[in-house]
Amino acid sequence: MSEHRSGPKGPAVTRAGWLGLATLAVAGVAGGVLMSCGGGGGGGSAAVALPPAAAPAAPANSPAAPAAAGSTLSLAAQVGQKMFFDKNLSGSGAMSCASCHDPAHAHAPANDLSVQLGGVHMDQAGLRAVPSLRYKDITPAYADLLDNPDGISVPGPGGGFTWDGRADTLAAQARIPLLDPIEMANASSADVVNKLKAADYAPLMAKAFGEKVFDDSDAAFAKALQALQAYQLEDRSFHPYSSKFDLYAANKIGGNLTPAETRGLKVFTNPATGNCASCHYQGAGLNGSSALFTDFSYEAISVPRNAGIPANNDLKYFDMGVCGPLRTDHAPAAPNAANSFCGMFKAPTMRNVATRQAFFHNGVMHSLEQVIRFYNTRDTQPELWYPTVGGTPKAKNDPDFPTYGLVTTQYTGGKVQKYDDLPPAYAPNIDTQLPMDGRAAGTAPPMSEQDIADLICFLNTLSDADTKPATPVKPGACVN
């Protein structure tokens with residue numbers, strides 16, 4: 001979940017007008033409304049397309065490429081498919097794209113690590129959590145003033161790939177891990193090409209791109225990146241649209257939402273409670289899409305610092321998203337100089353969110369419930385999420401002290417170091433829309449316990465048919 005889009009000059013206006021669609025959805029009309037928008041990739045008046053579920057994936061600890069026999073993929077995409085599962089394309093010989101983007105886990109990590117290990121010896125910790133590669137095919141290139149698909153919000157930073165949008169295409173995104181010394185750790189693009197020359201699918205690459213494809217190393221590397229992009233665009237497993245919500249939206253058998261799921265959809269769209277839809281927009285979107293559950297925007301919500309990331313051992317190091325340090329074209333003119341991009345990270349799709357085991361750009365949280373509770377109580381109980389400085393830990397927590405936060409020790413006195421992973425100079429960049437509206441500590445949060453339970457039920461309907469929830473819902477919990 002996230003908040004409204006912030007523009008380069010400050011927070012944008014609050015979105016409320018578009019929620020008429022959401023109101024209709026709760027009333028039971030969303031199926032017809034979304035059907036008129038088409039499926040995930042098509043426009044017009046056709047109903048939402050529901051492709052068959054992907055074939056069962058290989059075990060999470062050893063992802064393997066599906067058989068190529070009878071493939072409908074282009075030759076370029078077939079090359080990309082081979083590359084995606086090829087561990088030899090890493091400096092360690094032990095990591096492929098699928099190692100971090102496991103098809104059995106919605107093309108996301110199979111484990112709950114905040115950041116993944118890579119490098120030549122597979123002992124280098126990453127800097128950010130690995131996102132899913134599903135539902136990226138409609139993503140526009142990054143723009144500082146991207147039109148919002150909701151048709152209401154003012155333009156603001158949006159689009160692009162990675163948490164900071166520094167890659168404009170899937171091909172450009174694929175280049176990053178291949179050459180990053182703490183990921184696949186190839187010495188150079190020529191190093192990758194030499195490995196491709198030695199691969200058993202080198203003849204397929206020559207067939208796809210021409211017999212002289214390897215004559216120019218730079219051109220061959222560019223073709224390889226195009227192959228990875230083609231695979232992700234063409235293979236249905238990257239955008240299957242096979243969730244219960246898709247059946248619901250298309251008015252298909254098996255798509256009836258339970259009362260709990262219906263209430264959860266209302267919480268998702270209600271600007272006075274969850275307000276998730278203000279950024280995880282599910283209406284008709286860009287390029288004929290619909291129900292992507294993201295508006296491609298960037299938000300500053302100041303997720304707590306993750307002490308488990310080795311880079312954060314340097315107290316002067318801050319990952320501030322669009323303004324750096326991994327992205328350099330929006331860096332502050334000087335340390336702490338005014339810069340409205342600092343602290344902004346991409347609002348990802350909520351599809352398959354219930355299958356994830358690490359959340360936010362730094363993977364600091366590890367359950368969907370914890371994430372929702374963070375949104376609900378970041379302001380009303382910040383002591384649950386940020387460190388307390390100068391306080392005295394209690395020998396025993398009060399009976400009513402919540403146990404779901406990142407901080408599990410109760411303190412007396414001291415000061416909560418709120419927004420501890422963002423320099424104070426950039427605190428004004430933080431969005432202030434519900435549920436994180438800056439309300440006073442100790443006041444009532446916007447969502448009730450019932451709201452939270454119902455919202456979790458609804459978010460589970462966004463999981464594709466070939467996935468499993470990270471935390472299975474208790475039998476009967478999402479019925480009435």
Side-chain angles (χ1 to χ4, degrees), residues 1-2 34 37-43 48-54 57 77 80 84 97-98 100-109 129-142 146 148-150 158-163 165 167-174 228-250 268 276-277 279-298 345-356 359 361 368 458-470:
M1 297 186 302
S2 191
L34 290 177
C37 300
V48 175
L50 293 173
F84 194 84
C97 302
C100 292
H101 300 287
D102 189 341
H105 292 265
H107 291 92
V130 174
S132 168
L133 287 180
R134 288 200 180 179
Y135 301 101
K136 305 297 186 186
D137 51 315
I138 307 296
T139 303
Y142 175 85
L146 183 73
N148 196 288
D150 68 14
F161 298 88
T162 76
W163 285 104
D168 279 345
T169 65
L170 283 166
Q173 182 276 326
L228 284 168
Q229 174 173 274
Y231 173 50
Q232 293 174 71
L233 292 177
E234 294 180 30
D235 193 282
R236 186 169 289 172
S237 69
F238 287 96
H239 32 82
Y241 292 95
S242 60
S243 69
K244 181 177 182 179
F245 179 85
D246 292 303
L247 296 175
Y248 163 71
F268 186 89
C276 314
C279 278
H280 301 289
Y281 174 63
Q282 88 272 24
L286 304 177
N287 300 319
S289 66
S290 66
L292 286 181
F293 289 88
T294 179
D295 62 4
F296 312 107
S297 65
Y298 290 78
F345 292 90
K346 189 177 183 181
T349 175
M350 288 292 95
R351 284 181 172 272
N352 295 304
V353 68
T355 71
R356 289 197 63 84
F359 296 83
H361 71 278
L368 180 57
F458 170 69
L459 291 174
N460 270 273
T461 72
L462 305 183
S463 297
D464 288 321
D466 65 330
T467 65
K468 295 181 179 179

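Source: prediction; values computed, not measured.
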The reported gap from OG in Ser289 to CZ in Phe296 (rounded to nearest 0.5 angstrom) is 5.5 Å

So CG of Leu462 and NE2 of His280: to nearest 0.5 Å the spacing works out to 11.0 Å

State, to 0.1 Å, how close Leu146 and Ala141 come at their nearest heavy-atom pair, and which atoms those are. CD1-O, 4.4 Å

Scanning both residues in full, the closest heavy-atom pair of Tyr241 with Ser290 reads CE2-O, 4.3 Å

Verify, without hydrogens or angle tests, whether Thr294 (side chain) and Ala347 (backbone) share a donor-acceptor contact under 3.5 angstrom. yes

Do you know the tightest heavy-atom contact between Thr139 and Gly160? CG2-O, 3.4 Å

Any chance you could measure His239, atom NE2, to Lys136, atom NZ, to the nearest 0.5 Å? 12.5 Å

In this structure, CG of Leu368 is separated from OG1 of Thr355 (nearest 0.5 Å) by 10.0 Å

Here the gap from Lys346 atom NZ to His361 atom NE2, rounded to the nearest 0.5 Å, amounts to 15.0 Å

Please report the shortest heavy-atom distance between Ala465 and Ser242, naming the atom on each side. N-OG, 3.0 Å

Indicate the ring-plane relationship of Phe293 and Phe245, choosing parallel, tilted or perpendicular according to the 30° and 60° boundaries. perpendicular

Under 3.5 Å, side chain of Asp235 to main-chain N/O of Ser237, donor-acceptor pair present? yes

Any side-chain to backbone donor/acceptor pair from Asn148 onto Asp150? Under 3.5 Å, distance only. yes

Do side-chain atoms of Arg351 reach the backbone of Leu292 as a donor and acceptor pair under 3.5 angstrom? no

Give a yes or no answer on whether the side chain of Arg134 reaches the backbone of Pro103 with a donor-acceptor pair at less than 3.5 Å. yes

Can you label the angle between the Phe238 ring and the Phe84 ring as parallel, tilted or perpendicular, going by 30° and 60°? perpendicular

Working to the nearest 0.5 Å, report the span between OG of Ser243 and CG of Asp466. 11.0 Å

Examine the side chains of Ser463 and Asn460 and answer whether a donor and an acceptor come within less than 3.5 Å of each other. no

Treating Trp163 as the side-chain partner and Ala129 as the backbone partner, does any N or O pair qualify as donor plus acceptor under 3.5 Å? yes

With distance as the sole test, does Ser132 use its side chain to make a donor-acceptor pair with the main-chain N or O of Ala106 at under 3.5 Å? yes

So, the side chain of Tyr298 versus the backbone of Gly159: is there a donor-acceptor pair under 3.5 Å, distance only? yes

Would you say His105's side chain and Lys468's backbone share a donor-acceptor pair under 3.5 angstrom? no

Expected output: side-chain Tyr281 to main-chain Ala284 donor-acceptor under 3.5 Å: yes

Scan side-chain atoms only and decide if Ser297 and Asp295 contain a donor-acceptor pair under the 3.5 Å cut-off. yes

